[in-house]
Amino acid sequence: MCLIAFALHAHPRFKLVLVANRDEFHARPSAAAAFHSDDPNVYGGRDLRAGGSWLSLSRRGRVVAVTNVRVGLPEIGTRSRGELVQRLVRSQQAMDCEIERLRVEAGQFGRFNLLAFDDNAMHVMGNHPVFLANRIEQGVHAISNAGLNTPWPKTLALRSALSRWIDDGNDDPQPLLCALQNNAVANDTDLPDTGIALAHERLLSSAFIRGPDYGTRASTIVLLDGHGLRCIEQRFGPNGVPEGRSDLCIEIG
C-alpha cells in the first residue's frame, strides 16, 4: 500500500475502519483479493512476483498492511516487504512475540511501515531509520510513505475524509471509495522533499494516481464490527480504468 487511513474505536459500529490505496507498476503481476490457496483462513491480494501481499486479513480478525518508505536512497534490505504481511496475518503468535522477532530481522527488508490490527489493538512497526514498534491510540490516523500522521497533503485529506464520514454517522463505504479516488495534485509549496524529482513528487502527491505505466492498482476498505469483517477491493488498470471489484463479508471465529 502507499496510502492508508484508519479509525480505531472511533466509529459507533466499527472497531476498525481501514481505507487504503495500493500504487504499483501496472506490469507487476498481481492476484485480486481472494482466499489464499495455501491458507484458506487468509484473504487478500497477492504479489505474484515476490509472493507476498500488501494487505491481508484473517478469519481470526487480524488485519495487516504495509507501505514502503520513500527517502530517495537505494534500498539496503533485500527481502520483500510483502513477506511481512503474509507472516503476521497467518501467525498464531501474539503480536508482541512477532514484534520481537521482527526487531531482529527488520534490517533484512526494504524500508517499511507495517500496520497490524489484532485483539482490538493496532500496532505500527517500521525499520527506517531504526526499528520502531508502537501501539496506536484510538482515533483516526493516516500513513503513507513516511511516518504515522506525517502531514503530507494526501494523508491529511484522506484522514479528514474518514473523520467526516464518521462524524456524519455513516456506515456506507461508497463515500470512502470516492475519497480514495481523489486525484487532486498538491501545490508545490506543500509537497514533501523525499529525494526524488519535483515532477515525481507532484505525480505521487494525489491519493489516486492515474498513469499508463504506474498508478493506483487497488482501493481497499476494511470494516470490522463485533460480528465479522467486510473487505471491499476495487481494482484499476492503466490510466485508472476500473478492472473489477470484490466485496466479501467474513465471520470471525
Side-chain angles (χ1 to χ4, degrees), residues 1 4-9 14-18 20 22 31 33-69 75-139 141 143 147-148 220-231 233 248-253:
M1 310 307 295
I4 304 172
F6 63 93
L8 181 65
H9 303 298
F14 300 114
K15 300 177 185 179
L16 174 69
V17 180
L18 185 146
R22 179 199 181 213
F35 285 106
H36 294 183
S37 60
D38 53 347
D39 191 336
N41 291 312
V42 172
Y43 181 87
R46 298 290 292 268
D47 172 21
L48 299 180
R49 178 176 296 172
S53 179
W54 52 93
L55 187 155
S56 290
L57 49 91
S58 76
R59 294 186 189 273
R60 295 174 49 232
R62 184 171 281 191
V63 181
V64 186
V66 69
T67 79
N68 68 324
V69 177
E75 294 280 16
I76 297 175
T78 58
R79 294 170 67 180
S80 168
R81 288 172 280 263
E83 177 186 335
L84 296 171
V85 175
Q86 293 286 73
R87 188 166 88 189
L88 265 66
V89 78
R90 295 171 181 228
S91 174
Q92 302 295 314
Q93 297 291 321
M95 194 59 64
D96 287 345
C97 295
E98 289 295 343
I99 289 171
E100 290 310 307
R101 178 185 176 189
L102 183 55
R103 189 183 303 277
V104 176
E105 301 179 351
Q108 300 174 21
F109 295 87
R111 293 183 294 269
F112 67 82
N113 295 311
L114 189 66
L115 293 175
F117 175 87
D118 186 56
D119 195 24
N120 292 318
M122 180 70 85
H123 302 264
V124 61
M125 293 151 270
N127 67 347
H128 179 79
V130 296
F131 181 77
L132 63 84
N134 292 307
R135 184 166 172 160
I136 305 305
E137 296 181 358
Q138 71 178 52
H141 305 271
I143 193 166
L148 185 69
T220 305
I221 295 177
V222 177
L223 304 170
L224 171 65
D225 61 18
H227 304 288
L229 279 160
R230 182 181 180 188
C231 182
E233 181 187 81
L248 182 76
C249 295
I250 304 171
E251 291 186 4
I252 297 174

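All heavy atoms count here, side chains included; hydrogens, waters and symmetry mates do not. All of these numbers come straight from a predicted model, not from anything done at the bench.
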Looking only at heavy atoms, which two atoms of [X] and [Y] are closest? And how far apart?
{"X": "S56", "Y": "Q86", "answer": "OG-OE1, 4.1 Å"}
{"X": "A31", "Y": "W54", "answer": "O-CH2, 3.8 Å"}
{"X": "C249", "Y": "R230", "answer": "SG-CG, 3.8 Å"}
{"X": "L229", "Y": "G61", "answer": "CD1-CA, 4.0 Å"}
{"X": "L55", "Y": "L18", "answer": "CD1-CD2, 3.6 Å"}
{"X": "T220", "Y": "C231", "answer": "CG2-SG, 3.9 Å"}

Is [Y] close to [X] at the side-chain level, that is, under 4.5 Å between some pair of heavy atoms?
{"X": "F6", "Y": "I136", "answer": "yes"}
{"X": "L224", "Y": "F117", "answer": "yes"}
{"X": "H141", "Y": "M122", "answer": "no"}
{"X": "L102", "Y": "L114", "answer": "yes"}
{"X": "N41", "Y": "R60", "answer": "no"}

Q: List for me each residue that meets salt bridge (charged side-chain N to carboxylate O under 4.0 Å, His left out) alongside R59, sequence neighbours excluded, and say none if there are none.
A: none

Q: Any pair with a residue in residues 125-139 that passes salt bridge (charged side-chain N to carboxylate O under 4.0 Å, His left out), sequence neighbours left out, goes on the list, sorted by first then second residue, please.
A: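 Sorted pair list comes back empty.
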
Q | Within residues 119-128 or reaching into it, pairs that qualify as salt bridge (charged side-chain N to carboxylate O under 4.0 Å, His left out) - sequence neighbours excluded | A |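 Non-adjacent pairs meeting salt bridge (charged side-chain N to carboxylate O under 4.0 Å, His left out): zero.
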
Using ring-ring contact (aromatic ring centres under 6.0 Å, His included) as the criterion, list what pairs up with [X], not counting sequence neighbours.
{"X": "F35", "value": "Y43"}
{"X": "H123", "value": "none"}
{"X": "F14", "value": "H11"}

Q | Nearest-0.5 Å distance that lies between atom CZ in F109 and atom CG in L84 | A | 4.0 Å

Q: Begin with the C-alpha distance, continue with both residues' side-chain angles, and end with the deciding distance and a verdict on salt bridge (Lys or Arg N to Asp or Glu O under 4.0 Å) for D47 and R81.
A: CA-CA 11 Å; D47 172 21; R81 288 172 280 263; over 6 Å; no

**Q.** E233: side-chain hydrogen bond (donor to acceptor under 3.5 Å, both in side chains) partners, not counting sequence neighbours
**A.**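 side-chain hydrogen bond (donor to acceptor under 3.5 Å, both in side chains) check on E233 returns R235.
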
Is a side-chain donor or acceptor of [X] paired with a backbone partner of [Y] at a separation under 3.5 angstrom?
{"X": "E75", "Y": "R111", "value": "yes"}
{"X": "D118", "Y": "A121", "value": "no"}
{"X": "S53", "Y": "G45", "value": "yes"}

Q: Could you check T67, N68, N127 and say which one makes a side chain to side chain donor-acceptor pair (under 3.5 Å) with N113?
A: T67

Q. Are there more than 12 heavy atoms of other residues, nucleotides or ligands under 6.0 Å from atom CG of L48?
A. yes

In chain order, what residues pass the side-chain contact (heavy atoms from CB on, under 4.5 Å) check against [X], with sequence neighbours excluded?
{"X": "A7", "answer": "A10, V17, V140, L162, I166"}
{"X": "Q138", "answer": "H9"}
{"X": "L132", "answer": "N134"}
{"X": "A116", "answer": "V64, L88, M95, M125"}

Q) Which residue pairs satisfy the side chain to side chain donor-acceptor pair (under 3.5 Å) criterion with at least one member in residues 94-110, sequence neighbours excluded? A)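 Found R79-Q108, R87-E105, S91-E98, E100-R103.
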
